[in-house]
There are 2 protein chains.
Amino acid sequence: MKIGDIATAAGVPTATVRFYERRGLIPRAPRTPAGYRKYGGDTARRLQFIKHAKELGFSLDDIQTMLELRTDDPAACRAVEALAQAKVQAVREHLRELRRLERILSRLVQKCEEPHAPAACPILEVLGKPATRQPAPAPGRRLA
Amino acid sequence: MKIGDIATAAGVPTATVRFYERRGLIPRAPRTPAGYRKYGGDTARRLQFIKHAKELGFSLDDIQTMLELRTDDPAACRAVEALAQAKVQAVREHLRELRRLERILSRLVQKCEEPHAPAACPILEVLGKPATRQPAPAPGRRLA
DNA sequence: CTTGACCTTAAACCTCACTTCAAGGTTAGG
DNA sequence: CCTAACCTTGAAGTGAGGTTTAAGGTCAAG
């Protein structure tokens with residue numbers, strides 16, 4: 001298997017496979033005499049693992065940790081479980097924030113659709129107000 | 001008001017105020033003879049607006065659009081409403097994804113807590129599986 | 001032998017919203 | 001006068017997770 005083959009199999013660009021190698025997520029592949037990377041099934045399975053974990057919201061750092069733990073050792077399972085627990089917590093937190101946001105935004109849109117003075121956009125008005133009471137961390141980035 | 005004053009008032013670092021000025025989110029402030037920026041209440045209100053909009057998940061690009069529309073014009077309200085609608089849609093989409101994730105992750109954690117062979121971590125097993133379902137790419141050569 | 005699809009590398013670039021740095025100038029207080 | 005705390009600028013750095021580019025080498029088909 002050449003790089004294009006596992007890349008296609010795993011559904012990622014070849015550049016990403018090289019990037020993972022450089023980053024240490026997959027081992028350095030042995031080369032053919034011409035210098036081409038050659039792969040066996042191990043790397044394909046590893047790329048699957050990475051892909052699944054990424055889809056579940058694990059960062060590449062998390063994934064590296066898990067890959068390093070993949071000795072079939074009961075302690076590894078506990079470490080992985082802890083990682084997954086933390087991720088569930090983070091996801092739940094994120095869900096709470098987004099639900100709040102959805103509520104606020106959909107109310108604003110609704111107000112826009114109710115009759116109002118044509119020169120007074122309710123959204124612009126609300127946004128312009130001096131302060132709303134509620135400590136409101138935004139999703140994503142945070143102010144310094 | 002000097003830059004530190006509005007920055008404190010708005011709860012952002014001075015560097016951020018300068019950054020917003022460079023980016024065109026707030027107008028270039030007039031300078032004192034020594035070159036210091038001096039501000040009136042307008043900019044403070046604008047910073048408030050930016051802060052609120054950011055908390056609702058609008059990007060700086062979105063915010064710039066809204067600020068450029070802030071003539072008291074009924075068309076502006078419709079444009080802002082469209083922006084908010086799009087944001088609500090995005091938030092809902094994000095919510096769906098996160099809920100799916102939460103379900104999957106919490107099941108995995110639960111499986112870890114049930115009794116299982118000590119050397120077989122259910123999480124590592126699930127992550128390592130070839131695929132849940134695959135559209136099976138055709139065996140032709142494709143760009144990677 | 002030529003074409004085109006594939007492969008190699010290092011290094012630069014991307015997004016987003018800032019933050020930090022370097023190298024200075026200004027001002028208020030003591 | 002001195003010092004600390006402010007302020008100025010442009011440029012570069014951060015983080016995450018890659019993507020793109022440049023400049024080439026390899027290989028199978030026609």
Side-chain angles (χ1 to χ4, degrees), chain A residues 1-26 28-39 43 47 49-67 87 90 94 137-144, chain B residues 1-26 28-39 43 47 49-67 87 90 94 137-144:
Chain A
M1 270 176 133
K2 286 186 294 185
I3 195 171
D5 301 323
I6 36 156
T8 302
V12 298
T14 55
T16 298
V17 178
R18 290 192 198 98
F19 170 70
Y20 286 168
E21 178 178 311
R22 250 198 345 278
R23 205 184 177 294
L25 281 170
I26 56 181
R28 181 175 159 82
R31 311 296 156 119
T32 68
Y36 286 18
R37 285 166 180 81
K38 61 182 177 197
Y39 295 98
T43 305
L47 282 174
F49 181 93
I50 293 169
K51 201 183 175 196
H52 290 159
K54 233 163 36 82
E55 280 165 1
L56 292 185
F58 291 97
S59 70
L60 296 188
D61 276 356
D62 290 340
I63 294 171
Q64 191 144 23
T65 302
M66 291 197 281
L67 285 167
K87 194 58 63 181
H94 202 155
R141 281 119 194 126
R142 203 159 285 263
L143 320 151
Chain B
M1 269 174 135
K2 286 186 294 183
I3 194 170
D5 301 322
I6 36 156
T8 301
V12 298
T14 56
T16 299
V17 178
R18 289 192 199 100
F19 169 71
Y20 286 169
E21 178 178 309
R22 247 195 352 275
R23 205 185 177 293
L25 280 170
I26 56 180
R28 182 176 158 82
R31 312 297 157 118
T32 67
Y36 284 19
R37 287 166 178 83
K38 61 181 177 196
Y39 294 97
T43 304
L47 283 174
F49 181 93
I50 294 170
K51 201 182 175 196
H52 290 159
K54 235 163 33 81
E55 281 165 2
L56 292 184
F58 291 97
S59 69
L60 296 189
D61 276 357
D62 289 341
I63 294 171
Q64 190 144 23
T65 301
M66 290 196 281
L67 286 168
K87 195 57 62 182
H94 203 155
R141 302 199 149 198
R142 296 197 307 154
L143 296 168

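In what follows, chains are A, B, ... by sequence order, proteins preceding strands, each numbered from 1. All heavy atoms count here, side chains included; hydrogens, waters and symmetry mates do not.
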Look at Thr14(A) and dC7(C) and indicate whether a side-chain polar atom (N or O) is within less than 4.0 Å of OP1 or OP2. no

Looking at every strand, decide which applies to Ser59(B) at a 4.0 Å heavy-atom threshold: base, sugar-phosphate, or nothing. sugar-phosphate

Closest to side chain of Phe19(B), choosing from dC18(C), dG18(D), dT8(C): dC18(C)

Rounded to whole angstroms, how far apart are CZ on Phe58(A) and C1' on dG17(D)? 17 Å

Atom-to-atom span, CG of Asp62(B) to C1' of dA17(C) - whole angstrom: 14 Å

Does any non-hydrogen side-chain atom of His52(B) lie less than 4.5 Å from one of Ile63(B)? no

Short side-chain N/O contact to dT9(D) OP1/OP2 from Arg37(B), under 4.0 Å: yes

Nearest whole Å is fine: how far is dA11(C) P from Arg23(A) CZ? 19 Å

Any N or O donor-acceptor pair linking the side chain of Tyr36(B) to the base of dG25(C) at under 3.5 Å? yes

Round to a whole Å and report the spacing from CG of Asp5(B) to P of dC7(D). 7 Å

State, with a plain yes or no, whether a side-chain heavy atom of Leu56(A) is found less than 4.5 Å away from one of Lys87(A). no

Please check the phosphate of dT9(D) (OP1 and OP2 only) for any side-chain N or O of Arg31(B) closer than 4.0 Å. yes

Taking any heavy-atom pair under 4.0 Å as a contact, classify Arg18(A): base, sugar-phosphate, or nothing. base

Residue Ala15(A), side-chain atoms from C-beta onward, closest of dA17(C), dT20(D), dT27(C): dT20(D)

Could you please spell out the steps behind the side chain to side chain contact (heavy atoms under 4.5 Å, CB included) verdict for Leu60(B) and Phe19(B)? CA-CA 11 Å; Leu60(B) 296 189; Phe19(B) 169 71; 3.8 Å; yes

Can you measure from CG (Leu47(A)) to NZ (Lys54(A)) and round to the nearest 0.5 angstrom? 10.5 Å

Is Lys2(A) close enough to dA28(D) that one of its side-chain N or O atoms is under 4.0 Å from OP1 or OP2 there? no

Let me know the distance between CG of Leu60(A) and P of dT19(D), rounded to the nearest Å. 11 Å

